[in-house]
Amino acid sequence: MDEMQEMAAEHGALRAVISHWAALDAMNYAAVADGFAADGVWHRQGKELKGPGMVSAAMAERPKGARTRHIVTNVLATVKGESEVAIDFYMTVFSHNGEADAPPPAPMNVPNSVGLAHATVRRDNGQWKIVQLRSAATFQRK
């Protein structure tokens, strides 16, 4: 694999991860589910969501008034081959659960959590999809 191929793989995988959090924050739950490979697993809130179907079902259970922002920083991508990239990053989460039709801005407090996250992303049929996604809080608001 040459340097350009490696950079393209890194870019595609990073875009998949950033797009995941942007879709979640925008409440575009169809895009959240579509970002996972058929065999992808999201370790979320103590559950293993396997595949886009389980991700979609979990998104349907989200409170209608949930407002979140996931801030991804300190990103380190490790290209494992032409079609697989491992990504480690810090994630800071702000959230507020209010009325579904409440106009912005939502009340803000300190972040809910700051933690470490890991994703494995794979190119499937020309699209980068999340195969594994997990995070663990280092700091959490009590």
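All residue numbers refer to positions in the sequence shown, counting from 1. Values below: every heavy atom of this structure, side chains too, minus hydrogens, waters and symmetry copies. Here the structure is a predicted model, which means the values were calculated and not measured.
The shortest distance between side-chain heavy atoms of V32 and W42 falls below 4.5 Å. Residues M91 and V114 form no side-chain contact, since every pair of their non-hydrogen atoms from C-beta on lies 4.5 Å or further apart. When side chains are defined from C-beta on, M1 counts as touching V79, because their heavy atoms get closer than 4.5 Å. L133 places a side-chain heavy atom less than 4.5 Å from the side chain of H20. The closest side-chain heavy-atom distance from W128 to V17 is not below 4.5 Å. Between V75 and Y90 the shortest side-chain heavy-atom distance does not fall below 4.5 Å. Contact of the P111 side chain with the V93 side chain is not registered, since no non-hydrogen atoms from C-beta on lie closer than 4.5 Å. Counting heavy atoms from C-beta on, the side chains of L24 and H70 come closer than 4.5 Å.
Residue I18 is grouped with residue Y29 when hydrophobic side chains (ILVMFWY) are merged at heavy-atom distances under 4.5 angstrom, including chains of intermediate members. At a threshold of 4.5 Å between side-chain heavy atoms, the hydrophobic network of Ile, Leu, Val, Met, Phe, Trp and Tyr places W21 and M27 in one connected group. Placement of L14 and V72 within a single hydrophobic cluster is found when ILVMFWY residues are connected by side-chain heavy-atom separations under 4.5 Å, directly or transitively.
For the residue pair A23 and A31, the shortest heavy atom distance occurs at CB-CB, 3.8 Å. For A137 against S113, the heavy-atom pair with the smallest separation is CB-CB, 4.2 Å. When all heavy atoms of P52 and A37 are compared, the pair lying nearest together is CD-O, 3.5 Å. When every heavy atom of A77 is checked against every heavy atom of I87, the shortest pair comes out as CB-CG1, 4.2 Å. Taking every heavy atom of both residues into account, A58 and L49 meet most closely at CB-CD1, 3.6 Å.
Within the 3.5 Å criterion, the main-chain N or O of D25 finds a donor-acceptor partner in the side chain of R69. Under the 3.5 Å distance criterion, the side-chain polar atoms of S19 are matched with a main-chain donor or acceptor of R15. Using modelled atom types, one side-chain atom of R67 and one backbone atom of A100 make a donor-acceptor pair closer than 3.5 Å. Formation of a donor-acceptor pair under 3.5 Å by the R123 side chain with backbone atoms of E84 is not found in this model. Panel note: side chain Q5, backbone D2; a donor-acceptor pair is recorded below 3.5 Å.
Using a 4.0 Å cut-off between charged side-chain N and carboxylate O, D39 and K129 make no salt bridge.
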Problem set entry | T120 and I130: CA distance, side-chain angles, deciding distance, side chain to side chain contact (heavy atoms under 4.5 Å, CB included) verdict | CA-CA 6 Å; T120 302; I130 297 170; over 6 Å; no
For this session: For the pair V121 and V131, evaluate side chain to side chain contact (heavy atoms under 4.5 Å, CB included) and give the outcome as yes or no after the intermediate values.
Result: CA-CA 5 Å; V121 185; V131 177; over 6 Å; no
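Atom CZ of residue R141 and atom CZ of residue F94 lie 9.0 Å apart, to the nearest 0.5 angstrom. Atom-to-atom distance recorded for D88:CG and N74:CG is 11.0 Å, nearest 0.5 angstrom.
Taking the ring centroids of F89 and H118, they lie at or beyond the 6.0 Å cut-off.
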